[in-house]
Amino acid sequence: MAFNPQLSEIFTKLWELDVNRCKPDIDYKLDLQGYVTSTKISSKDWASRHLFTWLKEEKVFQMPTYKAFVALLDNYESDVSKPEEVTQEEIQENWHFIDLVVETAVMQEAYQFLVRNNKISPDVKSFKAKLYDIWFKMYKRLYGDRVVNSCGFEHVFVGESRDHQVSGFHNWVQFYLQEKRGHIDYRGYFRRGTTEELEKSPRIMTLQFLWNKSTAKPIGSSFIGTSPEFEMALYTIMCLMNHEGTIVKIKKYDVEIVCHKHGQGVGTAFPVSKSD
């Protein structure tokens with residue numbers, strides 16, 4: 001997979017503009033514990049404690065984009081065998097989140113980049129509509145599915161389940177909240193795919209966990225501490241630039257960014273650290 005200097009430049013700019021990014025040991029604290037080497041769930045648990053020791057919710061969840069983001073996380077049915085029913089209130093919450101995200105310097109920079117590269121028209125209203133279609137337009141996850149059961153936001157940021165396997169679920173805020181509620185059993189992290197060698201508290205983690213006791217995520221990865229607007233801006237650029245996967249350098253991090261489309265929207269998206 002080739003290194004992409006153009007995306008490295010814009011993603012580093014987004015990183016520098018992400019003033020709402022949380023700081024380790026100031027806004028949250030991780031407890032990495034043991035590392036796993038197998039992509040199969042075993043009876044051995046290499047992490048007996050939670051991944052997140054604490055998070056300053058009174059600070060983090062009062063930031064407007066985080067607050068609006070958290071409000072979206074309970075709007076979905078994780079089991080893809082069941083249809084999604086989108087209420088008018090949920091549609092309003094989606095638009096509220098988009099409005100707040102587009103106001104941030106991070107998403108404004110992404111917007112200007114996409115305009116310069118002729119991927120969107122220079123009209124903020126149409127950009128917001130594009131964001132809605134990319135992230136919140138519902139679709140059937142698999143060709144054989146009988147019901148409309150998924151969208152980009154649900155898959156990437158909330159997580160889905162099928163046949164006792166977790167799909168998607170690439171967001172640290174959702175992980176923290178689910179772990180706090182007792183729904184996540186963190187089993188350990190993979191040293192390959194985690195920026196452990198670069199820093200005490202990694203900014204990108206590849207890990208293993210159980211969700212709701214019986215649904216397994218043998219291997220999954222996500223940014224840690226980044227704001228909702230940063231992740232959405234980065235993956236939106238990947239989607240609209242039609243890159244399914246590329247290697248970039250974001251500040252000091254060598255990262256593979258994966259983004260597979262579903263129709264014109266996001267099917268899945270996640271980072272994998274290559275700093276090993």
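Note that this is a predicted model, so its numbers are computed, not measured.
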Looking only at heavy atoms, the pair that brings Val86 and Glu90 closest together is CA-OE1, 3.4 Å
I'd like to know if the side chain of Trp172 reaches the main chain of Thr226, judged simply by a donor and an acceptor atom lying under 3.5 Å from each other, with no hydrogens or angles considered.
yes
Next on the checklist: When you compare the side chains of Tyr176 and Glu57, does any donor N or O come within less than 3.5 Å of an acceptor on the partner?
Outcome noted: yes
Legend entry - Derivation and outcome, side-chain hydrogen bond (donor to acceptor under 3.5 Å, both in side chains), residues Thr53 and Asp31: CA-CA 6 Å; Thr53 304; Asp31 183 7; 4.7 Å; no
Correct closest heavy-atom pair for Leu14 and Ala233 would be CD1-CB, 4.1 Å
Geometric class of the Tyr186/Phe175 ring pair [parallel <30°, tilted 30-60°, perpendicular >60°]:
perpendicular
Does this structure show an ion pair linking Lys23 with Asp27, if we count only N-O contacts that are shorter than 4.0 Å? no
- Task: Under the ring-ring contact (aromatic ring centres under 6.0 Å, His included) rule, what do Phe169 and Trp211 come out as? Steps first, then yes or no, please.
- Result: CA-CA 10 Å; Phe169 203 133; Trp211 192 19; 4.8 Å; yes
Q.
Let me check something: do Ile120 and Ile98 share a hydrophobic cluster, defined by ILVMFWY side-chain heavy atoms less than 4.5 Å apart, either directly or through other members?
A. yes
For Tyr111 and Val124 the tightest heavy-atom approach is OH-N, 3.5 Å
Point to revise | Sub-6.0 Å ring centroid separation between Phe230 and Trp15 | key: yes
Heavy-atom nearest pair, Leu55 first then Tyr28, reads CD1-CB, 3.7 Å
- Under-4.0 Å salt bridge between Arg21 and Glu16: no
In this structure, CE of Met232 is separated from CG of Leu131 (nearest 0.5 Å) by 7.0 Å
- Query: How far apart are the C-alpha atoms of Val36 and Tyr189, what are their side-chain angles, what is the distance that settles it, and do they pass the side chain to side chain contact (heavy atoms under 4.5 Å, CB included) test?
  - Reply: CA-CA 6 Å; Val36 294; Tyr189 72 101; 6.0 Å; no
> Between Glu244 (side chain) and His260 (backbone), is there a donor-acceptor pair under 3.5 Å?
Replying inline: no
*Would Gln264 and Asp133 count as a side-chain hydrogen bond (donor to acceptor under 3.5 Å, both in side chains) if you check the C-alpha gap in whole Å, the side-chain angles of each, and the deciding distance to 0.1 Å?*
CA-CA 8 Å; Gln264 296 302 306; Asp133 286 346; over 6 Å; no
What I want to check is whether the side chains of Asn94 and Tyr132 have a donor and an acceptor closer together than 3.5 Å. yes
| query | Take atom CD in Glu89; do more than 12 heavy atoms of anything else shown fall under 6.0 Å from it? | reply | no
Using a strict threshold of under 4.0 Å (side-chain N to carboxylate O), is an ion pair present between Lys128 and Asp99? yes
For Thr194 and Pro202 the tightest heavy-atom approach is CG2-CB, 3.7 Å
Please check if any side-chain donor atom of Asp79 sits under 3.5 Å from a side-chain acceptor atom of Ser161, or the reverse.
no
In short, Ser273 meets Thr195 closest at the heavy-atom pair OG-CG2, 3.3 Å
Give a yes or no on whether Asn242 atom CG has more than 12 heavy-atom contacts from other residues, nucleotides or ligands under 6.0 Å away. yes
* Please answer whether the main-chain N or O of Tyr35 pairs with a side-chain N or O of Arg187 as donor and acceptor at a distance below 3.5 Å. => no
Query raised in the report: Do Ser126 side-chain atoms and Asp123 backbone N/O form a donor-acceptor pair below 3.5 Å?
Result: yes
**Item:** Under 3.5 Å: donor-acceptor pair, side chain of Glu9, backbone of Leu7
**Value:** no
Only one of Glu160, Glu154, Glu77 passes salt bridge (charged side-chain N to carboxylate O under 4.0 Å, His left out) with Arg141, and that residue is Glu160
Exam field: side chain Glu179 to backbone Leu51, donor-acceptor pair closer than 3.5 Å | yes
Ignoring hydrogens and geometry beyond distance, is a side-chain donor-acceptor pair present between Asn20 and Glu229 at under 3.5 Å?
yes
Discussion item. Is it the case that the side chain of Ser8 and the backbone of Lys249 share a donor-acceptor pair, with hydrogens and angles ignored and the cut-off at 3.5 Å?
Written reply: yes
ask   = Would you say Phe209 and Ile41 are hydrophobically clustered, going by side-chain heavy atoms of ILVMFWY under 4.5 Å?
value = no
Side-chain donor/acceptor of Glu256 to backbone N/O of Lys274, under 3.5 Å
no
Per ring pair (Phe, Tyr, Trp, His ring centres under 6.0 Å), Trp135 is matched among Trp95, Phe157, Phe153, Phe97 by Phe157
| said: Could you walk me through whether Lys217 and His170 satisfy the side chain to side chain contact (heavy atoms under 4.5 Å, CB included) test, starting with their C-alpha distance in whole Å, then the side-chain angles of each, then the deciding distance to 0.1 Å, before giving a yes or no? | reply: CA-CA 11 Å; Lys217 185 73 173 181; His170 299 291; 4.0 Å; yes
Q. Will you find, in the side chains of Thr268 and His155, an N or O donor that is under 3.5 Å from an N or O acceptor?
A. yes
#### Entry: Glu109 and Lys13 ion-paired at < 4.0 Å
no
Review point. So, does Asp45 use its side chain to make a donor-acceptor pair with the main chain of Ala47 at under 3.5 Å?
Key: yes
